[in-house]
Amino acid sequence: MALYLRDDFKKEWQGKDPYQLLNEMPGQVFRQLEARRTYRFQFQGKNFFAKVHYGVGWREIINNLLHFRLPVLGASNEWIALNKLQVLGIDSMEPVAYGKKGYNPAKQKSFLITAALENMSSLEEICDKWKRTPPSYSMKKAIIEKLAEISRTLHDNGINHRDYYFCHFLIPDSILIEYASNTKKRQPLRCYLIDLHRAQIRKKLPERWRLKDLSGLFFSSMEYGFNQRDIYRFIRSYTGLPLKKSLITHHNFWHNLDKKAQKLFNRMKRKAGHPNY
């Protein structure tokens with residue numbers, strides 16, 4: 001059993017069953033699966049997101065173990081990851097409530113509530129507009145360096161995301177407006193990393209998990225006009241090394257990353273061309 005409620009939730013929900021409240025809570029459903037429900041609701045005039053987990057079942061657990069993967073049983077992964085990101089200074093969702101109950105891993109119930117991130121656009125949405133209106137040099141440079149900074153901080157501290165794509169990075173619209181207007185006085189770029197329910201945390205991150213995260217990131221960039229110079233900028237920022245030294249020292253890593261990202265891209269193209277693929 002575990003339960004954490006921020007003071008405002010604790011005061012409002014005192015003496016009540018949070019699981020029953022969440023099951024009866026009206027809101028806009030974004031995802032409804034047998035084992036998980038994600039929806040937005042209002043509390044004291046503010047928007048929040050809830051992810052309620054109902055137990056993954058033994059079939060899912062066994063399938064993951066057979067493929068040498070640790071199964072994600074509920075909200076614990078994301079709760080731990082979000083708190084770790086706060087310590088590291090990486091912008092993400094603010095966790096305000098969390099609960100877990102049940103000893104049977106297949107039927108374990110849990111929930112996570114986060115404050116809604118308002119007035120933001122995903123990096124996927126932003127870059128899709130670049131096909132019609134290319135970005136300024138300063139904006140593109142800032143995004144590349146911010147992605148490298150976030151990636152380096154995550155990986156150097158033993159965290160891998162596992163769904164590391166452009167759609168899971170959000171940038172405030174107010175910052176986008178400032179960069180679009182080319183004003184000299186603008187806020188530092190802030191980029192919020194979301195959807196960490198499959199994140200893993202270790203003392204030291206194995207190379208294969210760095211490779212998985214970064215290949216997903218590179219795959220996401222392939223249709224948005226990022227060129228070789230942009231890739232080199234990312235590599236310099238991510239490794240903190242001169243480009244030549246990084247390319248020589250980590251040659252196999254970058255070569256394998258390119259192959260893996262290209263494989264993901266080709267698979268996506270095949271699926272897009274063949275609805276029944």
The test is side-chain contact (heavy atoms from CB on, under 4.5 Å); show your working for M93 and Y192 and say whether it passes.
CA-CA 7 Å; M93 306 169 292; Y192 290 73; over 6 Å; no
Taking the side chain as everything from C-beta on, heavy atoms only, tell me whether Y165 gets closer than 4.5 Å to E124.
no
Look only at the side chain of D230 and the backbone of N227, and say whether a donor-acceptor pair between them is shorter than 3.5 Å.
yes
Does atom CZ (R202) have a neighbourhood of more than 12 heavy atoms from anything else shown, all under 6.0 Å?
yes
Within the structure provided, determine whether K131 and D128 are in side-chain contact (heavy-atom separation under 4.5 Å).
yes
Would a hydrophobic clustering, with Ile, Leu, Val, Met, Phe, Trp and Tyr connected at side-chain separations under 4.5 Å, put W130 with L170?
yes
Correct closest heavy-atom pair for L112 and L82 would be CD2-CD1, 3.9 Å
Other hydrophobic cluster members with L21, side-chain heavy atoms of Ile/Leu/Val/Met/Phe/Trp/Tyr under 4.5 Å, chained?
L3, L5, F9, W13, Y19, L22, M25, V29, Y39, F41, F43, F48, V52, Y54, V96, F111, I113
Distance, nearest 0.5 Å, that separates NZ of K141 from CZ of R229:
12.5 Å
Closest heavy-atom pair and its distance - S76, K100
OG-CD, 3.4 Å
Any side-chain to backbone donor/acceptor pair from S246 onto L241? Under 3.5 Å, distance only.
no
Could you grab the distance from atom CD of E178 to atom CZ of R186, nearest 0.5 Å is fine?
8.5 Å
Do F49 and M120 belong together in a cluster built from hydrophobic side chains that touch within less than 4.5 Å?
no
Are side-chain heavy atoms of N266 and Q262 found at a separation under 4.5 Å?
yes
Scanning both residues in full, the closest heavy-atom pair of I175 with R190 reads CD1-N, 3.6 Å
Closest non-hydrogen atom pair, E145 against S237:
CG-OG, 3.8 Å
Decide yes or no on side-chain contact (heavy atoms from CB on, under 4.5 Å) for H53 and E78, but give the supporting numbers first.
CA-CA 12 Å; H53 298 257; E78 194 157 17; 5.5 Å; no
For I201 against A81, the heavy-atom pair lying closest together
CD1-CA, 4.0 Å
Is the gap between the ring centers of H250 and F253 under 6.0 Å?
no
Taking atom CD of E118 as the centre, report whether more than 12 heavy atoms of other residues, nucleotides or ligands fall under 6.0 Å from it.
yes
Nearest-0.5 Å distance that lies between atom CD in E60 and atom CG in N63:
6.0 Å
Taking the side chain as everything from C-beta on, heavy atoms only, tell me whether K51 gets closer than 4.5 Å to D195.
yes
With hydrophobic residues grouped by side-chain heavy-atom distances under 4.5 Å, do I231 and I143 end up in a single group?
yes
Approximate separation, where rounding is to 0.5 Å, of R208 CZ and N160 CG
8.5 Å
Can you check whether Y224 reaches I126 side chain to side chain, under 4.5 Å on heavy atoms?
no
Any link between L73 and I80 through a network of hydrophobic side chains (Ile, Leu, Val, Met, Phe, Trp, Tyr) touching at under 4.5 Å?
no
Does the gap between the ring centers of F218 and F234 come in under 6.0 Å?
yes
To the closest 0.5 Å, what do you measure between CG (N77) and CD (Q200)?
7.5 Å
Candidate pair I194 and T114, rule side-chain contact (heavy atoms from CB on, under 4.5 Å), full reasoning
CA-CA 11 Å; I194 64 169; T114 58; over 6 Å; no
Specify the closest pair of heavy atoms between S92 and L85, including all atoms of both residues, with the distance to one decimal.
CB-CD2, 3.8 Å
So, F169 versus Y164, ring centres under 6.0 angstrom or not?
yes
Residue pair K269 / E223, side-chain heavy-atom distance below 4.5 Å:
yes
Could you check N104 against W58 for side-chain contact (heavy atoms from CB on, under 4.5 Å), going step by step and ending with a plain yes or no?
CA-CA 10 Å; N104 183 336; W58 282 113; 3.6 Å; yes
Do you see a donor-acceptor pair shorter than 3.5 Å between the side chains of H155 and D213?
yes
Under a single-linkage definition using a 4.5 Å side-chain heavy-atom cutoff for Ile, Leu, Val, Met, Phe, Trp and Tyr, are M268 and M222 assigned to the same hydrophobic cluster?
yes
Could you check if a side-chain atom of S151 sits within less than 4.5 angstrom of a side-chain atom of L214, using non-hydrogen atoms only?
yes
Roughly how far, to the nearest 0.5 Å, is CG of L257 from CG of N252?
12.5 Å
Side-chain touch I171/K146, heavy atoms, less than 4.5 angstrom
no
Any chance NZ of K101 has more than 12 other-residue heavy atoms, nucleotides or ligands included, within less than 6.0 Å?
yes
Can a donor-acceptor pair be found, under 3.5 Å and without considering hydrogens, that links the side chain of H168 to the backbone of L123?
no
What do you reckon, is CD of Q32 surrounded by more than 12 foreign heavy atoms closer than 6.0 Å?
yes
